[in-house]
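Okay, structure first, notes after.
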Amino acid sequence: QVQLVESGGGLVQDGGSLRLSCAASGRAFSSARIGWFRQAPGKEREWVAVINWSGTSTYYAAFVKGRFTISRDNAKNTVYLQMNSLKPEDTAVYYCAAGRTAGQAMGFIFPDYWGQGTQVTVSS
């Protein structure tokens with residue numbers, strides 16, 4: 001069992017930066033793959049970035065590559081998403097998820113647990 005709590009969302013201007021945090025509890029966290037997803041109003045949830053249990057492998061959706069960085073600190077049971085050069089189209093609720101390894105078609109993670117989400121709004 002893993003419980004996830006996201007934080008760090010907010011309102012930022014076009015071109016600004018935010019760092020999201022995903023704090024986890026539960027012994028399974030350190031062995032779980034963690035992913036960030038987002039859902040904009042009227043759109044389906046989409047994966048953004050995924051990191052493996054050791055932090056040695058990361059995967060990014062094409063639309064955030066080079067702007068966002070996912071990292072994890074297993075000693076703190078926390079995963080981060082550093083978001084730079086934000087655009088209005090990045091506006092969404094961002095969720096973190098813990099799960100198992102999956103292929104590219106599934107965004108490299110099969111989520112078993114979800115956080116409640118944090119709102120990110122980028123103004124133009």
task: Decide yes or no on side-chain contact (heavy atoms from CB on, under 4.5 Å) for Phe37 and Ile109, but give the supporting numbers first.
output: CA-CA 11 Å; Phe37 291 74; Ile109 184 171; 3.6 Å; yes

Grouping I, L, V, M, F, W and Y whenever their side-chain heavy atoms are under 4.5 Å apart, do [X] and [Y] come out in a common cluster?
| X | Y | value |
| --- | --- | --- |
| Ile51 | Val2 | no |
| Tyr80 | Tyr60 | no |
| Phe63 | Leu18 | yes |

Counting distance only, does the side-chain N/O of [X] pair as donor-acceptor with the main-chain N or O of [Y] below 3.5 Å?
| X | Y | answer |
| --- | --- | --- |
| Thr78 | Asp73 | no |
| Thr121 | Leu11 | no |
| Glu6 | Gly117 | yes |
| Asn74 | Trp53 | yes |

Can you give me the closest heavy-atom contact between [X] and [Y], atom names plus distance?
| X | Y | answer |
| --- | --- | --- |
| Ala32 | Ala98 | CB-CB, 4.3 Å |
| Leu81 | Ala49 | CD1-CB, 4.1 Å |
| Tyr59 | Trp47 | O-CZ3, 3.6 Å |
| Val5 | Gln116 | CA-OE1, 3.7 Å |
| Asn52 | Arg72 | O-NH1, 2.7 Å |
| Val120 | Met83 | CG2-CE, 3.9 Å |

field: From CD (Glu89) to NZ (Lys43), nearest 0.5 Å
entry: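 Spacing of CD (Glu89) from NZ (Lys43) equals 8.5 Å.
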
query: Without hydrogens or angle criteria, can the side chains of Ser25 and Gln3 be said to hold a donor-acceptor pair below 3.5 Å?
result: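 Ser25 vs Gln3: donor-acceptor pair found between side chains.
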
message: Could you tell me if Ser17 and Asn84 have a donor-acceptor pair between their side chains, going purely by distance under 3.5 Å?
response: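 Yes, a side-chain donor-acceptor pair sits under 3.5 Å.
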
- request: Using a cut-off of 6.0 Å, state whether more than 12 heavy atoms not belonging to Gln104 lie near its atom CD.
  value: no

task: Test side-chain contact (heavy atoms from CB on, under 4.5 Å) on Val79 and Ile70 and set out the steps.
output: CA-CA 7 Å; Val79 172; Ile70 189 171; 3.9 Å; yes

Quick one: are [X] and [Y] in side-chain contact, heavy atoms under 4.5 Å?
| X | Y | answer |
| --- | --- | --- |
| Asp90 | Phe68 | yes |
| Phe110 | Thr101 | no |
| Arg33 | Val50 | yes |
| Gln82 | Leu20 | no |
| Leu4 | Tyr95 | no |

query: Taking it one step at a time, do Asp14 and Lys87 satisfy salt bridge (Lys or Arg N to Asp or Glu O under 4.0 Å)?
result: CA-CA 5 Å; Asp14 190 355; Lys87 307 174 183 180; over 6 Å; no

task: Begin from the C-alpha positions of Tyr113 and Gln1 and carry the test side-chain contact (heavy atoms from CB on, under 4.5 Å) through to its verdict.
output: CA-CA 8 Å; Tyr113 307 100; Gln1 189 83 328; 3.2 Å; yes

Cation-pi check, Arg45 onto Trp114 ring (under 6.0 Å, within 45° of axis):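 Pair Arg45/Trp114 counts as cation-pi.
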
